[in-house]
Protein chains: 2
Amino acid sequence: MNKYDQLDKHPSMAVVDSESNTRKIEKASVGLQLKAIRTKNKLTLEEASKRTGLARSTLSKIENEQISPTFSVMQKLAAGLDIDLPQLFTKPKESKITGRRDITLNEQGSPHATLTYEHELLAVQLRNKKMMPYKSRIHARNFEHFGEWIHHEGEEFLLVLEGEVQLLTEFYEPATLTEGDSAYYDATMGHLVISTSKKDALILWVTAE
Amino acid sequence: MNKYDQLDKHPSMAVVDSESNTRKIEKASVGLQLKAIRTKNKLTLEEASKRTGLARSTLSKIENEQISPTFSVMQKLAAGLDIDLPQLFTKPKESKITGRRDITLNEQGSPHATLTYEHELLAVQLRNKKMMPYKSRIHARNFEHFGEWIHHEGEEFLLVLEGEVQLLTEFYEPATLTEGDSAYYDATMGHLVISTSKKDALILWVTAE
DNA sequence: AACAAAAGTTTCTTATAGGAAACTTTTGTT
DNA sequence: AACAAAAGTTTCCTATAAGAAACTTTTGTT
């Protein structure tokens with residue numbers, strides 16, 4: 001049996017389609033996701049094996065959809081690769097955000113996650129959404145990202161849930177936002193949010209392309 | 001070996017704790033979740049078995065954490081029980097949020113403020129936005145709109161800022177959302193939000209067409 | 001191009017998940 | 001309480017996942 005005749009052993013998964021609002025059958029693949037995550041982080045199977053404690057061959061088989069991993073294995077994958085478990089079967093639609101998330105949170109290779117932001121994606125189960133909502137905890141007075149503008153396609157809305165932040169942008173004066181304040185801007189303009197209070201800030205973000 | 005000496009075969013999972021903001025080890029259990037979901041729906045193992053196509057014994061073993069289900073089995077569970085896959089390993093609090101996320105309200109366009117809702121549009125200065133953010137105060141226990149579904153184009157995201165609301169929708173079970181909970185849904189499906197607590201509820205809404 | 005080293009795949013074996021049926025416990029009725 | 005029926009658990013067997021090592025393919029160097 002060569003590598004091209006493998007058969008798909010995996011059943012499909014029902015998901016809510018936000019376009020049509022019908023429950024439709026869509027294939028969720030741990031294999032493709034795993035491979036995407038691993039290659040994106042420039043890891044070889046051997047390195048991924050070391051991090052997760054799983055055999056090289058096992059990883060290969062999962063990536064090629066020859067086996068369906070147990071939950072226990074999925075947990076090892078998530079922990080070892082420093083990702084959230086649902087990422088193993090959710091398509092990373094918004095490359096911008098997940099990209100940003102990689103920069104700040106899990107920068108595998110250099111294993112220290114930066115401490116400035118922690119993002120919690122919301123409504124991750126829904127695919128092809130028009131909007132991408134997430135909450136971010138911005139660590140207090142941490143200016144590690146200062147000077148690095150964030151640019152990406154689309155528009156962004158934010159609401160301060162807790163704390164106080166400074167919204168810095170390429171073309172406007174810095175704005176101080178406190179609990180309940182909101183902002184809306186074109187995300188192609190460089191922007192950056194930092195916490196200015198002694199405690200962490202909690203932000204709700206919604207982006208749309 | 002009786003039922004009390006079973007050993008825990010499952011590894012733990014690293015999760016970010018939003019309180020302490022540290023990465024701590026927490027156990028994620030498909031078994032406990034499954035049992036909670038099944039009993040909540042008043043299903044016997046036999047009925048759950050019919051719906052999912054899995055053996056009664058298999059379900060029992062998963063619930064008692066004697067085995068770690070494969071991803072393939074988890075998909076069957078989610079599809080058969082009509083839940084989102086992450087609900088199988090997310091604590092009910094969060095799963096209600098993200099797992100639920102399929103419903104709500106907005107009536108921009110019909111500008112009359114009713115007694116039940118008070119809308120505050122945000123970012124009004126900007127025209128031609130992709131998203132429309134606004135805050136709504138939903139008056140306590142006012143059921144004036146009960147029974148009238150709201151339908152409109154686009155998708156909607158909501159986050160509960162204060163209070164507790166019930167999100168009613170045409171196609172899903174009602175969901176109770178409390179402070180910090182969010183939902184995302186196709187707004188062409190009938191939807192309605194009412195306050196279920198004694199005090200008013202405050203909601204952030206973002207819609208996109 | 002030839003070779004070596006690294007990366008990835010497949011095979012083979014062992015461990016464990018999943019299903020059928022026997023067994024045990026719980027529930028409800030008299 | 002005694003019994004029957006239903007619900008849940010365990011055993012035993014088969015199917016399949018996970019690991020070790022052999023094998024193949026790709027990459028990089030001369």
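Bear in mind the structure is a predicted one, so any value in this text is a computation, not a measurement. Numbered from 1 within each chain, the chains take letters A, B, ... in sequence-line order.
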Interatomic distance, [X] [atom1] vs [N] [atom2] [rounded to whole Å]:
X	N	atom1	atom2	answer
A:E63	C:dG8	CD	P	8 Å
A:N64	C:dA7	CG	P	17 Å
B:K50	D:dA7	NZ	C1'	13 Å
B:L59	D:dT9	CG	C1'	12 Å
B:I67	C:dG19	CD1	P	9 Å
A:Q66	C:dC12	CD	P	14 Å
A:E46	D:dT26	CD	P	20 Å
A:L45	C:dG8	CG	C1'	6 Å

Checking base pairs now: Watson-Crick or wobble, both atom distances under 3.5 Å. What partners [N]?
N	answer
C:dT16	D:dA15
D:dT30	C:dA1
C:dA6	D:dT25

Open item on the list: On the side chain of A:K61, is there an atom forming a donor-acceptor pair with the base of D:dG19 - under 3.5 Å, no angle test?
Closed with: yes
Open item on the list: Quiz question: going by heavy-atom distance under 3.5 Å, is there a donor-acceptor pair between the base of C:dG8 and the side chain of A:R56?
Closed with: yes
TODO: Would you tell me if any nitrogen or oxygen in the side chain of B:R38 comes within less than 4.0 Å of OP1 or OP2 on D:dA7?
DONE: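 The answer is no; no side-chain N or O of B:R38 sits under 4.0 Å from OP1 or OP2.
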Open item on the list: So, does B:S57 get its side chain near the phosphate of D:dT9, meaning an N or O under 4.0 Å from OP1 or OP2?
Closed with: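 Checking B:S57 against D:dT9: no side-chain N or O falls below 4.0 Å of OP1 or OP2.
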Task: B:E164 and B:T178: side chain donor to acceptor below 3.5 Å - done: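 Checked: B:E164/B:T178 side chains show no N/O donor-acceptor pair below 3.5 Å.
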Could you tell me whether the side chain of [Y] reaches within less than 4.5 Å of the side chain of [X], counting heavy atoms only?
X	Y	answer
A:E47	A:K50	no
B:L59	B:R38	no
B:I62	B:V73	yes

- [ ] Looking at every strand, decide which applies to A:T44 at a 4.0 Å heavy-atom threshold: base, sugar-phosphate, or nothing.
- [x]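 Sugar-phosphate, backbone atoms only, no base.
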- [ ] Using the closest heavy atom to pick a nucleotide of DNA chain D for each, name whichever of B:T70 or B:S60 lands nearer the 5' end.
- [x] B:S60
Task: B:F89 and A:F89 aromatic ring geometry - parallel, tilted or perpendicular at 30°/60° bounds - done: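 It falls in the perpendicular class, over 60°.
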